[in-house]
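For reference, the structure is listed below as structure tokens.
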Amino acid sequence: MKLSFKLGETTLDAGEANALFSAAQANPAITIHILDHINLRDVDAKKLFSLSVEKKNPVLASLAAKCAIEGLTKPRKQRTTKIQRTADIVPDRIFNDPAEAVAALNKINHIKGLGAAMLLVSLRDGGKKTLRQVAVEAVNFLAFKGDVTADSDCFRGFIKEENGDFRPVSMSAGVERNECYHAAPMYIALRDGLALLASWGMVKMEKTVEFGSKNGESSGNSDLLSRTVYAVELTGIGLSVADHWGDISYFVATCWSKRIRARNMYTA
């Protein structure tokens with residue numbers, strides 16, 4: 001049996017893969033489903049038993065017995081659901097009346113309605129921004145205005161720097177995933193809100209490639225990193241809805257003021 005690993009289009013051997021995992025301080029548990037690679041009808045139980053005797057391996061003997069007596073059945077394939085990318089969403093509802101769209105968003109009792117409102121208020125000047133840019137802008141605006149308390153969920157996944165600004169927490173050694181920006185309510189709200197606006201034909205997305213650290217800090221190999229992100233802007237319909245929604249900033253602040261972290265999630 002020969003194991004190989006892929007890094008993009010590059011093939012790595014086990015030693016190289018282990019070195020890469022070690023450098024990334026990762027210890028993944030990789031499971032190989034043997035039935036995906038062999039047909040059990042081709043297994044020679046006698047040969048397997050002989051190998052167990054030769055290698056003095058009782059596990060092989062037990063496996064040989066199962067093949068000869070019981071047979072091994074291939075597990076049923078798990079049902080999987082294909083995840084649609086937000087950029088591929090085709091609008092399925094169009095509002096001709098901005099007031100109707102505003103009313104529909106106000107009725108949504110889900111964080112995606114809040115995320116949609118945040119995108120509308122942030123992009124109503126006609127510019128393009130990534131979700132990360134919208135999130136950073138929103139958190140710092142809410143903190144500066146004092147419209148929410150320090151225990152608001154909007155601050156989860158962010159850390160306050162010495163200059164008073166908030167920045168997203170990135171995944172790194174010693175940082176739990178649930179403490180990071182991509183697991184925080186702010187990101188989830190914007191992600192789901194973007195999908196909602198896309199299904200209503202109110203946004204369009206442009207794929208871009210960014211280089212370097214997500215936090216803008218240049219250090220070592222971080223300048224070599226690249227990632228694909230989407231810059232979002234409002235369509236004509238989206239701009240009309242944003243302009244029509246007079247108290248949209250109040251709506252955003254009120255929603256975040258009602259979303260409070262549990263006491264056991266506070267950090268010292």
Side-chain angles (χ1 to χ4, degrees), residues 81-142 153-154 157-158 166-168 170 180-216 225-256 259:
T81 302
K82 185 177 180 180
I83 299 176
Q84 183 181 30
R85 294 188 310 166
T86 304
D88 296 332
I89 292 177
V90 177
D92 57 11
R93 184 179 183 184
I94 301 296
F95 292 91
N96 295 316
D97 182 0
E100 184 182 355
V102 173
L105 285 168
N106 273 277
K107 290 178 182 178
I108 296 177
N109 187 25
H110 187 278
I111 199 170
K112 66 182 178 183
L114 170 56
M118 291 174 61
L119 287 164
L120 289 171
V121 71
S122 179
L123 301 173
R124 61 184 173 184
D125 61 355
K128 297 179 183 178
K129 296 174 185 175
T130 65
L131 292 191
R132 191 182 186 90
Q133 290 172 329
V134 174
V136 172
E137 174 189 273
V139 168
N140 283 287
F141 181 79
L142 289 167
D153 256 349
C154 73
F158 288 81
F166 286 85
R167 67 169 175 82
S170 299
C180 298
Y181 160 69
H182 283 99
M186 176 64 70
Y187 171 75
I188 295 171
L190 290 172
R191 180 198 64 193
D192 294 355
L194 177 61
L196 176 65
L197 293 181
S199 70
W200 289 359
M202 295 186 185
V203 292
K204 51 186 176 181
M205 286 158 272
E206 178 182 307
K207 182 188 292 188
T208 61
V209 178
E210 291 185 348
F211 294 91
S213 168
K214 290 181 179 178
N215 295 327
L225 298 175
S226 67
R227 59 192 174 276
T228 299
V229 297
Y230 286 89
V232 185
E233 66 176 316
L234 299 180
T235 61
I237 299 173
L239 289 170
S240 297
V241 174
D243 289 340
H244 185 84
W245 198 343
D247 63 345
I248 188 171
S249 295
Y250 175 79
F251 173 86
V252 171
T254 300
C255 287
W256 280 120
R259 291 183 172 272

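All of these numbers come straight from a predicted model, not from anything done at the bench.
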Give me the atom names and distance for the closest heavy-atom approach of [X] to [Y].
| X | Y | value |
| --- | --- | --- |
| Cys154 | Leu142 | SG-CD1, 4.0 Å |
| Gly127 | Glu233 | O-CB, 3.5 Å |
| Ile248 | Ala117 | CD1-O, 3.4 Å |
| Gly157 | Ala184 | CA-CB, 3.8 Å |
| Pro91 | Ala198 | CG-O, 3.6 Å |
| Val134 | Met118 | CG1-O, 4.3 Å |

Gap between atom [atom2] of [Y] and atom [atom1] of [X] - 0.5 Å precision:
| X | Y | atom1 | atom2 | value |
| --- | --- | --- | --- | --- |
| Asp153 | Cys255 | CG | SG | 12.5 Å |
| His244 | Leu239 | NE2 | CG | 14.5 Å |
| Ile237 | Asp97 | CD1 | CG | 12.0 Å |
| Asn106 | Asp247 | CG | CG | 7.0 Å |
| Arg132 | Arg167 | CZ | CZ | 9.0 Å |

- Residue pairs passing the ring-ring contact (aromatic ring centres under 6.0 Å, His included) test with at least one member in residues 92-141, sequence neighbours excluded, are Phe95-Trp200
- Leu131 pairs by side-chain contact (heavy atoms from CB on, under 4.5 Å) with which of Val229, Val136, Leu119? Leu119
- Item | Side-chain donor or acceptor of Thr235 paired with backbone N/O of Gly201 under 3.5 Å | yes
- Item | All pairs passing salt bridge (Lys or Arg N to Asp or Glu O under 4.0 Å) where residues 107-127 contributes a residue, at least two apart | none
- Item | Residues forming a salt bridge (Lys or Arg N to Asp or Glu O under 4.0 Å) with Glu100, sequence neighbours excluded | none
- Query: How about Lys204: does its NZ atom have over 12 heavy atoms from other parts shown lying under 6.0 Å from it?
  - Reply: no
- Query: Do Leu197 and Leu120 have side chains that get closer than 4.5 Å, going by heavy atoms?
  - Reply: yes
- Given side chains that start at C-beta, do those of Pro185 and Trp256 come closer than 4.5 Å, heavy atoms only? yes
- Would you call the rings of Trp245 and Phe251 parallel, tilted or perpendicular, where under 30° means parallel and over 60° means perpendicular? tilted
